[in-house]
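The sequence lines fix the lettering, A, B, ..., with proteins before strands; numbering per chain opens at 1. Since the structure is predicted, the reported quantities are computational estimates derived from the model, not experimental observations.
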Amino acid sequence: MKKEMDKIYDGIKVQQNKVKFWESLHINEGNREENKKKKPFSMIVPPPNVTGILHIGHAKNQITLDVVARYKRLNNYDVLFLPAVDHAGIATQAKVEEYLRSQNKNKYQIGREEFLKECYKWKEKYASYFTEQWDALGMSMDYTKSRFTMDEGMVEAVNKVFKQLYDEHLIYQGERIINWDPELRTALSNIEVVHKETQGKFYYFKYRFVDNPEEYLTIATTRPETMFGDTALVCNPKDERYKDILNRKVINPSNNQIIPIITDRYVDKEFGTGMMKCTPAHDPNDFEIGKRHNLPMPKIMNLDGTMNENCPEEFVNMDRYVCRQKLVEKLRNQGDLVKIEDIVHQVGYSERSDVVIEPMLSKQWFIKMKPLVVDVLKFQKTSKKTKFLPSRFSKIFTKWLENTEDWCISRQLWWGHRIPVYTNKETKEVVCSTEKLDSNLYTQDEDVLDTWFSSALAPFAFLGWPQTDELTKRFYPLDVMITAYDIIFFWVAKMSVDGVHFTHKMPFKKVYIHGLVRDELGRKMSKSLGNGIDPFEIVRKYGCDSLRYVMSTSGTPGLDLNIGEKNYAFANTFLIKIWNVSRFLINSMPENYKVKKIDVNSLTYIDSYLLEKMNHMISKVKKNMDKYELGIASNSLYDFIYDDLCSTYVEMIKHELRSQDENRKQTIYSVLNLVLKNVLIILFPFCPFISEEIYSYLPQAKKSIYFERFPKVVKNIDSKQAAIGKNIIDIIRYIRNYKMENKLGISSKINLNVSAFENFKMTDFSELLKNMVFADSIKIVEQSEEGLRFFDEIGIKIIADKQKQDEAIKKRIEFLQNEIKRCDSMLNNENFIQRAKKEKVELEKNKRQKFIEELNTYLK
RNA sequence: GGGUGUUUAGCUCAGCUGGGAGAGCAUCUGUUUGACGUACAGAAGGUCAUAGGUUCGAUCCCUAUAGCACCCACCA
């Protein structure tokens with residue numbers, strides 16, 4: 001009993017059980033014994049944070065990866081496609097703390113050990129959510145090798161890397177100005193700070209001279225509360241205006257302390273009054289000045305953003321912004337406020353907590369980036385460099401590396417890789433050790449490492465480094481890293497640095513950068529706008545394939561893509577179309593149809609035409625898939641299915657399928673079977689569920705479409721036959737158009753005069769035209785017959801209403817005359833003849849010749 | 001302040017070695033309800049941001065200008 005396809009395409013039903021089915025075939029697993037002779041291909045998933053739910057950006061990224069993985073498998077590669085999740089220090093800790101608060105607890109009450117247990121619980125819970133979500137996206141990753149950035153192997157890798165960098169003096173501890181997040185109470189690296197234009201105020205205060213309080217300097221600041229930490233006023237040494245007052249001292253109006261006036265080249269004479277205040281412990285530039293001049297560096301703020309005991313008593317423990325207001329008020333009352341101006345300036349915010357960052361002097365761990373970066377830059381100048389797609393990102397990448405500063409890697413968190421540095425309790429000796437040291441003798445550094453410290457090791461550590469080289473030998477460097485442009489600096493750059501330093505290779509051969517997903521109006525998706533699209537909502541509505549089709553095929557590499565409901569509906573319509581045509585074709589084939597190879601000699605004109613179109617499509621898809629141009633690739637598939645297969649070919653062979661001509665039908669079956677199979681295989685990487693489902697109804701299908709290989713072109717197609725097929729299609733279009741223009745009605749009967757070359761298969765042709773354009777009778781005439789319209793060698797004359805026909809001919813003549821004029825103007829241009837490509841000139845000449853010939857037939 | 005991208009049909013976007021402007025949606029007109037949640041056939045709609053330049057020829061290459069977007073940067 002033949003299995004019947006459902007009448008109606010149900011994207012949700014179609015995907016049922018398939019993920020499990022594929023898993024049972026072990027085809028997603030890399031490096032299996034039976035595949036070791038194949039060429040390797042490797043990718044890792046940019047690990048999402050364990051904090052929760054995959055959003056549309058993840059969907060875009062991960063589906064793109066998956067399309068590539070499936071495509072490579074079809075091309076007989078042994079694909080290693082490795083899933084991972086990131087422990088995401090700050091983000092996860094914030095979530096767990098939030099949870100604790102809901103239980104009326106906090107981390108200090110339960111202690112570090114208990115807190116970490118909570119974090120692990122959290123991680124377990126969300127890591128399993130990810131598997132569910134990945135299944136819903138149809139991901140074909142190798143779960144037997146999945147990794148977590150804090151699993152045992154990663155701990156070993158992180159410690160090894162840390163120790164080596166430490167021993168090489170590339171990791172150091174230093175007292176420097178860092179970005180402090182008062183909300184999360186941790187240091188942040190520079191790239192975790194987002195600068196935003198913010199409405200602020202410029203406050204001007206009087207710094208009075210000690211020797212004459214009536215005389216003062218006007219100093220501007222945007223952060224008055226930092227005045228408590230002022231230890232000098234500074235001007236440029238070349239500033240003539242101030243050269244006479246340099247030996248005098250001024251009173252800091254906020255705390256009445258006496259501070260000197262110094263000079264430093266940093267100060268810009270032209271800016272403001274040319275005199276600025278210097279707060280070494282709370283501003284990176286002031287810090288540098290302070291160091292140069294040995295200024296005291298009092299800190300005036302607590303770690304939670306409140307004022308500390310170095311401030312006048314009335315301000316101690318006051319929030320920084322409350323303090324700002326109170327202080328300004330106080331100074332106004334004292335008569336030390338000159339004016340307040342509104343300004344818009346750039347203010348740094350924490351990427352995570354969105355509070356204003358406080359630059360603060362603090363002891364932290366840093367990686368010395370310069371020497372590491374130099375090696376990467378050297379690599380990028382050789383042939384072993386990593387190629388970026390689109391290539392402009394290569395410039396962005398190197399530019400960032402050239403300008404990067406030391407990386408602050410310590411975080412004052414509990415959740416993460418603890419810094420493997422220990423202090424001997426007695427001798428105070430400091431040691432870095434990859435092994436945990438006895439806590440009776442040593443105390444370990446309290447801080448943990450920046451999350452990106454571990455994810456930077458992903459390309460080789462996920463493959464087993466340093467424990468085993470089984471995978472790295474075969475799959476490292478990774479073939480491609482696919483990611484959005486927003487984490488080039490966070491991740492791609494750091495992976496490159498560690499990759500080059502620890503493996504002496506760039507960790508990936510190619511980096512494919514895609515854009516961010518936005519809404520139809522090009523706006524970022526955000527909670528406050530309520531314009532976000534949950535990818536799983538789409539999956540529930542249309543099924544996974546529609547989402548996958550949109551995510552992998554819309555947009556251009558490197559550019560953002562604007563997507564709305566319409567796109568998904570469009571994709572769904574396409575899938576419905578494929579479903580229906582497949583159902584029709586499969587049902588048209590006889591039960592137990594035995595697949596036969598195509599016999600090139602038995603093909604009709606339109607068979608050849610279709611197969612040649614298919615060949616084009618196959619090569620175009622392959623070419624573009626290999627360039628990661630998924631959108632262009634899928635477009636050619638789309639066009640082929642809609643135009644060539646459905647609208648043209650299937651319409652043309654319908655009547656033949658109903659005929660009694662068994663030989664002809666056998667030929668059609670063999671063509672249809674091949675074309676349909678190829679279409680499904682090519683569609684498979686994009687929309688695996690529907691492809692697998694329909695495939696299973698094909699005669700003599702394999703167990704899974706996975707066991708098919710990417711289609712090859714059909715050889716020995718007679719391109720002359722195909723060209724005639726094209727002529728016939730044009731003739732049909734011409735006749736239909738003629739009817740439209742002459743208001744004849746599409747099914748009105750017409751008569752035709754036809755002239756063709758000697759071996760033209762007239763019966764095929766007339767049969768086809770009867771069915772396609774209701775040609776009642778077809779009369780064969782000589783080439784010289786009056787009024788023939790030529791399609792290459794086939795001449796057509798429509799016999800209908802004489803007057804209307806004359807009009808049509810008149811129009812045609814006009815058109816031809818214009819075309820000839822155009823050709824002439826080109827061909828009469830000597831420059832064109834001399835300098836244009838020969839083929840182009842030839843082409844124009846031939847065109848002209850044809851036009852003239854046709855025109856002559858009318859003018860006779 | 002520096003840098004990058006972008007500007008093509010009403011909307012969202014293609015246009016990959018410079019050689020007669022394309023798709024989807026939306027609009028309109030036909031035809032069709034025996035693969036198709038309709039589909040098919042067709043129409044309309046564009047000085048390809050603007051101004052120069054290179055070229056026999058420019059949507060495509062170069063220069064400048066403008067709008068939009070993004071990235072980087074310590075200007076008090």
Side-chain angles (χ1 to χ4, degrees), chain A residues 5 7-10 177 190-191 195 202 219-223 226 234 266-268 270-279 283-288 345-346 348 359 390 392-393 395-396 399-400 403 485-486 488-489 515-516 518 520-524 554-556 558-564 566-567 569-574 576-588 623-624 627 629 631-632 635 638-639 642-643 646-648 650-651 654 658 732-733 736-737 739-741 743 745-747 773 819 822-823 826 829-837 839-841 843-844 847:
Chain A
M5 282 173 71
K7 190 150 189 254
I8 288 174
Y9 166 66
D10 181 342
I177 297 274
N190 290 343
I191 48 175
H195 289 91
F202 235 143
I219 304 294
T221 177
T222 52
R223 296 188 294 154
T226 63
V234 203
Y266 168 76
V267 181
D268 180 359
E270 311 302 322
F271 190 88
T273 58
M275 180 71 76
M276 61 171 248
K277 71 190 201 63
C278 179
T279 322
D283 183 282
N285 297 310
D286 294 7
F287 175 69
E288 293 301 321
H345 61 156
Q346 296 283 334
R392 66 169 183 278
F393 287 105
K395 231 197 274 173
I396 295 176
K399 198 145 203 163
W400 187 82
N403 294 319
Y485 59 71
D486 57 341
I488 293 179
F489 307 142
L516 307 178
R518 292 164 180 280
E520 287 143 303
L521 302 172
R523 298 174 305 184
K524 260 188 187 160
S554 18
T556 309
L559 294 185
D560 291 349
L561 51 159
N562 303 349
I563 283 179
K566 271 184 194 165
N567 300 73
F570 159 68
N572 193 50
T573 313
F574 178 45
I576 290 169
K577 183 81 180 174
I578 293 174
W579 182 268
N580 286 325
V581 74
S582 303
R583 189 165 63 89
F584 174 63
L585 296 182
I586 288 169
N587 288 345
S588 303
K623 183 177 140 202
N624 283 293
K627 293 197 302 189
E629 288 277 9
I632 299 179
N635 263 345
Y638 178 93
D639 288 345
Y642 254 88
D643 298 343
C646 295
S647 304
T648 306
V650 171
E651 292 302 323
K654 267 182 184 168
R658 288 194 289 266
I732 290 168
R733 191 166 297 153
R736 284 182 173 162
N737 247 332
K739 288 184 175 179
M740 286 285 282
E741 278 171 21
K743 309 274 179 249
I746 212 80
S747 52
V773 294
E819 284 304 294
R822 196 186 65 82
C823 288
M826 274 174 100
N829 182 341
E830 264 184 47
N831 279 323
F832 175 71
I833 303 287
Q834 280 172 13
R835 304 194 196 188
K837 278 181 227 136
E839 306 92 76
K840 179 67 187 168
V841 178
L843 191 77
E844 287 300 320
K847 264 196 212 165

Participant: Classify the side chain of A/Glu629 and the base of B/A14 as holding, or not holding, a donor-acceptor pair under 3.5 Å.
Facilitator: no
Participant: From the list B/A73, B/G19, B/A14, which nucleotide is the closest neighbour of the side chain of A/His195?
Facilitator: B/A73
Participant: From the set B/G24, B/U4, B/A35, return the single nucleotide nearest to any side-chain atom of A/Phe570.
Facilitator: B/G24
Participant: Let's test your reading of the model: under 3.5 Å, does the base of B/C16 pair with the side chain of A/Lys627 as donor and acceptor?
Facilitator: yes
Participant: Grab the CD-C1' distance between A/Glu651 and B/U32 for me, whole Å please.
Facilitator: 10 Å
Participant: Please measure how far the C1' atom in B/G67 lies from the corresponding atom in B/A49, and state the result in whole Å.
Facilitator: 8 Å
Participant: Whole angstroms only, please: what is the CD1-C1' distance between A/Ile563 and B/U12?
Facilitator: 10 Å
Participant: Just checking A/Gln834: does its CD atom have more than 12 heavy atoms from other residues, nucleotides or ligands closer to it than 6.0 angstrom?
Facilitator: yes
Participant: Which part of the nucleic acid, if any, lies within contact of A/Gln834, taking any heavy atom under 4.0 Å across all strands shown: a base, the sugar-phosphate backbone alone, or nothing?
Facilitator: nothing
Participant: If you check the A/Thr222 side chain, which of B/C74, B/A76, B/G34 turns out closest?
Facilitator: B/A76
Participant: Assess whether one donor atom and one acceptor atom, taken from the side chain of A/Tyr266 and the base of B/C74, lie less than 3.5 Å apart.
Facilitator: yes
Participant: Confirm from the modelled atom types if A/Lys654 and B/A35 form a donor-acceptor pair under 3.5 Å, side chain to base only.
Facilitator: yes
Participant: Say we look at B/G46 and B/A41: how far apart would their C1' atoms be, to the nearest angstrom?
Facilitator: 24 Å
Participant: Need one value for A/Val267: base, sugar-phosphate or nothing, where a base atom within 4.0 Å counts as base even if backbone is also close, heavy atoms only.
Facilitator: base
Participant: Side chain of A/Ile8, heavy atoms from C-beta onward: which of B/A76, B/C70, B/G37 has the nearest atom to it?
Facilitator: B/G37
Participant: By the 4.0 Å heavy-atom rule, please label A/Thr556 as base, sugar-phosphate, or nothing.
Facilitator: sugar-phosphate
Participant: So what does A/Cys278 touch, heavy atoms closer than 4.0 Å: a base, only the sugar-phosphate, or nothing?
Facilitator: nothing
Participant: Using a heavy-atom cut-off of 4.0 Å across all strands, would you classify A/Ala836 as base, sugar-phosphate, or nothing?
Facilitator: base
Participant: Expressed as a whole number of angstroms, how long is the span from A/Ile576:CD1 to B/A35:P?
Facilitator: 17 Å
Participant: Check every strand shown and say whether A/Lys277 touches a base, only sugar-phosphate, or nothing at a heavy-atom separation below 4.0 Å.
Facilitator: nothing
Participant: Go through B/C75, B/A14, B/A35 for me and flag the one nearest to the A/Asn635 side chain.
Facilitator: B/A14
Participant: At under 4.0 Å, does any side-chain N or O of A/Lys577 touch on OP1 or OP2 of B/C40?
Facilitator: yes
Participant: With rounding to the closest Å, how many angstrom separate the C1' atoms on B/A66 and B/G22?
Facilitator: 27 Å
Participant: Search all heavy atoms of A/Cys823 against all heavy atoms of A/Lys847 and return the closest pair with its distance.
Facilitator: SG-CB, 4.4 Å
Participant: Taking the inter-plane angle between the rings of A/Tyr638 and A/Phe574 on a 0 to 90° scale, is it parallel (under 30°), tilted (30 to 60°) or perpendicular (over 60°)?
Facilitator: tilted
Participant: Using a heavy-atom cut-off of 4.0 Å across all strands, would you classify A/Ile632 as base, sugar-phosphate, or nothing?
Facilitator: base
Participant: For A/Asp639, report the nucleic acid contact type (base, sugar-phosphate, nothing); a contact means any heavy atom under 4.0 Å.
Facilitator: nothing
Participant: What does A/Tyr642 touch in the nucleic acid at a heavy-atom separation under 4.0 angstrom: a base, only the sugar-phosphate, or nothing?
Facilitator: sugar-phosphate
Participant: Where the side chain of A/Gln346 is defined as all heavy atoms beyond and including C-beta, which of B/C36, B/C16, B/C75 is the nearest nucleotide?
Facilitator: B/C75
Participant: May I ask you to verify if any side-chain N or O of A/Asn562 is less than 4.0 angstrom from the OP1 or OP2 atom of B/C13?
Facilitator: yes
Participant: Using only heavy-atom distances, decide whether a donor-acceptor pair under 3.5 angstrom links the side-chain of A/Lys566 to the base of B/C25.
Facilitator: no
Participant: Remember a base hit wins even if backbone is also touched, and classify A/Asn829 as base, sugar-phosphate or nothing at under 4.0 Å, heavy atoms.
Facilitator: sugar-phosphate
Participant: Check the orientation of A/Phe271 and A/Phe202. Use parallel for under 30°, tilted for 30 to 60°, and perpendicular for over 60°.
Facilitator: tilted
Participant: Taking any strand in view, what nucleotide pairs with B/C74 in a Watson-Crick or G-U wobble way, both distances under 3.5 Å?
Facilitator: none
Participant: If you only use heavy atoms from C-beta on, which nucleotide in B/U4, B/C72, B/C70 is closest to the side chain of A/Phe489?
Facilitator: B/C72
Participant: What nucleotide among B/A41, B/C70, B/G19 has an atom nearest to a side-chain atom of A/Lys837?
Facilitator: B/G19
Participant: What is the distance, rounded to the nearest whole Å, between atom CZ of A/Phe271 and atom P of B/C75?
Facilitator: 10 Å
Participant: Any strand is fair game: report the nucleotide pairing with B/A23 by Watson-Crick or G-U wobble, both distances under 3.5 Å, or none.
Facilitator: B/U12
Participant: Work out how far the C1' atom of B/A58 is from that of B/U17, and round it to whole angstrom.
Facilitator: 15 Å
Participant: Need the pair for B/G46. Rule: Watson-Crick or G-U wobble, both distances under 3.5 Å, any strand; none if unpaired.
Facilitator: none
Participant: Now, which nucleotide makes the Watson-Crick or G-U wobble pair with B/A39, with each of the two distances under 3.5 Å?
Facilitator: B/U31
Participant: Output yes when at least one side-chain N/O atom of A/Arg733 is less than 4.0 Å from OP1 or OP2 of B/G42, else no.
Facilitator: yes
Participant: Ignoring the backbone of A/Asp268, work out which of B/A76, B/A14, B/U4 is nearest its side chain.
Facilitator: B/A76
Participant: May I ask which nucleotide in the shown strands pairs with B/U59, Watson-Crick or G-U wobble, both distances under 3.5 Å?
Facilitator: none
Participant: Does the side chain of A/Ser647 get closer than 4.0 angstrom to OP1 or OP2 of B/C40 through an N or O atom?
Facilitator: yes
Participant: What contact category does A/Ser582 fall into here, base, sugar-phosphate, or nothing, at under 4.0 angstrom with non-hydrogen atoms?
Facilitator: nothing
Participant: For B/A69, give its Watson-Crick or G-U wobble partner with both distances under 3.5 Å, or none.
Facilitator: B/U4
